[in-house]
Amino acid sequence: MTWWFRIKLWQRVMLGLVLGAAFGLAVSQSMDAVAAELLLARVRIVGDVFIRLIRMIVVPLVFFTLVAGIYAMGDPKKLGTIGVKAFILYIATTFFANLIGLGMGVVFRPGVGVDLGGAEPRQMGDAQPLGERLMGVIPENPFAALVQGDMLAVIFFSLLFGVGLLMAHDQGKPAGRFFESASEGILKMTYIIMELAPFGVFGLIAYTAGTKGVETFTAILNLTLAVYVGAFLHMIIVYGGLIRILANLPVWRFFRDILDAQMVAYSTSSSSATLPVTIKTVSQNLGVKKSVAGSVLPLGATINMDGTSLYLGIVALFTAQAFGYQLEPQHYPLIAITAALVSIGTAGVPSASLFLLSIVLDVFEVSPEHTALIIGFIFPFDRLLDMMRTVVNVTGDAAVATVVAKWEGELDEDVYRAKPTQ
Ligand code: ASP
């Protein structure tokens, strides 16, 4: 067994990913579809167990880590500066994601000549009105918000509670220390759960590769290419640029050290489920201290979705090209702004944004029938696109947390520059 644990965790997870994809493809090629699906569904169970385990700790982790993170700042004013910096970076990176997304839509022209004949129309989701959503950020009952896993409400309450503890000075200390210790404990649970990651990732990827295999890629090859190339460009240029230019840190180490979070994002398609792993990776491998990791990352996992925004822009152009809608120059910035706003409101769960697509398509007045058809067309393939956009979403949170930590003097550069221990 020790040889297994001697391999670094990210390498084990990578192994799970590669072997899982190979296994899934092999099974789907060598058996009939029903038998393959049955076998892969069994293999997937270990993946589902893994997802449940990480989801299990998301709410307590956000609650304890956020309160502990604010408490660790030592001064409520620091929350303001960290918050403002993170927010500006979140907006700025989303802006670039939009540019790249629209650029990819123009270059790859993914919608030109696609055959929508076989698509079954699908109903779009109802977006909650913005006013209601904003009001919902303030929980009427924080315990209900915790129970229901209402992330923004939990974040809001935790932020204020952390500030309250700081303002209570000496009297706040015992509770502050309690939250610090509890958040350490929950974070350590992530370490235990991550030991299952190589197997979980194997099961999830095997299922996806085997049931939505190569044909998926080829059927919507251009769309897939546009999303994947756009995602890589965004990560390398924008996040690489942030790390190199704004934080003056080596880029290579950043990408190497967040690989396990990226792989979990890729296999689960959920930035919210990946959050515990993102927090663990960013604090343990990159040396971002709790005050920043605990505050910037939960917020990012909820509102910062560059991959989603990039994807929505591409799909909007895809739709226009597929149905021959003429886009005027003013439509492009409007698509970009709407995609950015929708991405903020997207929950960090699989395929969440696809069902909010109608809001973006409203910009150039796509008919409800066309919208339902596009959603129906993309839905069977969406998993592969979702996996990639979730990787971007998670990477963006990690990049912003690292830059803010560097600016705030909350980055342990020795840890950042050290070789990973796990
Ligand atoms: N699956 C994405 C995420 O969790 C959200 C989306 O559907 O775009 O980040």
Enquirer: Go through Ile258 and Asn285 one step at a time and tell me if the side-chain contact (heavy atoms from CB on, under 4.5 Å) criterion holds.
Expert: CA-CA 8 Å; Ile258 55 156; Asn285 297 357; over 6 Å; no

Enquirer: Under the salt bridge (Lys or Arg N to Asp or Glu O under 4.0 Å) criterion, do Glu195 and Arg12 qualify, and how do the steps go?
Expert: CA-CA 9 Å; Glu195 289 303 328; Arg12 282 182 271 152; 2.8 Å; yes

Enquirer: Quick one, Ser353 and Met305 - any side-chain contact, counting heavy atoms below 4.5 Å?
Expert: no

Enquirer: Looking at Val59 and Gly149, what are the two nearest heavy atoms and their distance?
Expert: CG2-CA, 3.8 Å

Enquirer: Walk me through it: do Lys8 and Asp260 pass the test salt bridge (Lys or Arg N to Asp or Glu O under 4.0 Å)?
Expert: CA-CA 10 Å; Lys8 294 191 179 82; Asp260 38 0; over 6 Å; no

Enquirer: Do you know the tightest heavy-atom contact between Ser269 and Arg383?
Expert: OG-NE, 3.4 Å

Enquirer: At their closest point, which heavy atom of Leu233 faces which heavy atom of Met104, and how far apart are they?
Expert: CD1-CE, 3.6 Å

Enquirer: Nearest 0.5 angstrom please: Ile335 CD1 to Ile314 CD1, how far?
Expert: 12.0 Å

Enquirer: Step by step, would you call Asp386 with Arg389 a salt bridge (Lys or Arg N to Asp or Glu O under 4.0 Å)?
Expert: CA-CA 5 Å; Asp386 197 7; Arg389 61 184 188 258; 3.3 Å; yes

Enquirer: What I want to find out is whether Lys290 reaches Glu410 closely enough, with some N-O distance under 4.0 Å, to be called a salt bridge.
Expert: no

Enquirer: Under the side chain to side chain contact (heavy atoms under 4.5 Å, CB included) test against Leu361, which residue among Ile375, Val315, Thr319 passes?
Expert: Thr319

Enquirer: Could you walk me through whether Asp48 and Arg44 pass salt bridge (Lys or Arg N to Asp or Glu O under 4.0 Å), step by step?
Expert: CA-CA 6 Å; Asp48 290 336; Arg44 203 199 134 108; 3.0 Å; yes

Enquirer: So which of Ile155, Leu160, Val154 actually passes side chain to side chain contact (heavy atoms under 4.5 Å, CB included) with Ser158?
Expert: Val154

Enquirer: Does the pair Glu408/Lys85 count as a salt bridge with the N-to-O cut at 4.0 Å?
Expert: yes

Enquirer: Consider only side-chain N and O atoms of Glu37 and Tyr207, and report whether a donor and an acceptor are under 3.5 Å apart.
Expert: yes

Enquirer: Between Phe323 and His370, how do the two ring planes meet: parallel, tilted or perpendicular, split at 30° and 60°?
Expert: parallel

Enquirer: Is the Phe255 to Tyr239 ring centre distance short of 6.0 Å?
Expert: no

Enquirer: Under 30°, 30 to 60°, or over 60°: which ring-plane class applies to Phe143 and Phe157, parallel, tilted or perpendicular?
Expert: tilted

Enquirer: Can you measure from CG (Leu327) to CG (Leu317) and round to the nearest 0.5 angstrom?
Expert: 6.5 Å

Enquirer: Going by distance alone, is a donor N or O of one side chain under 3.5 Å from an acceptor N or O of the other, for Asp257 and Thr281?
Expert: no

Enquirer: I need the minimum non-hydrogen distance between Leu242 and Ala399, along with the two atoms involved.
Expert: CD1-CB, 4.3 Å

Enquirer: Please check if the number of heavy atoms outside Phe96 that lie under 6.0 Å from its CZ is greater than 12.
Expert: no

Enquirer: Would you give the length of the straight line joining atom OG1 of Thr81 to atom CG of Asp75, rounded to the nearest 0.5 angstrom?
Expert: 8.5 Å

Enquirer: Consider only side-chain N and O atoms of Asp382 and Tyr311, and report whether a donor and an acceptor are under 3.5 Å apart.
Expert: yes

Enquirer: Hey, do the aromatic rings of Phe199 and Phe50 have their centres closer than 6.0 Å?
Expert: no

Enquirer: Heavy atoms, side chains only, cut-off 4.5 Å: are Phe381 and Leu223 in contact?
Expert: no

Enquirer: Would you say Val392 and Leu310 make side-chain contact, with heavy atoms under 4.5 Å?
Expert: no

Enquirer: A side-chain contact here means heavy atoms from C-beta on lying under 4.5 Å apart; do Thr274 and Ile54 qualify?
Expert: no

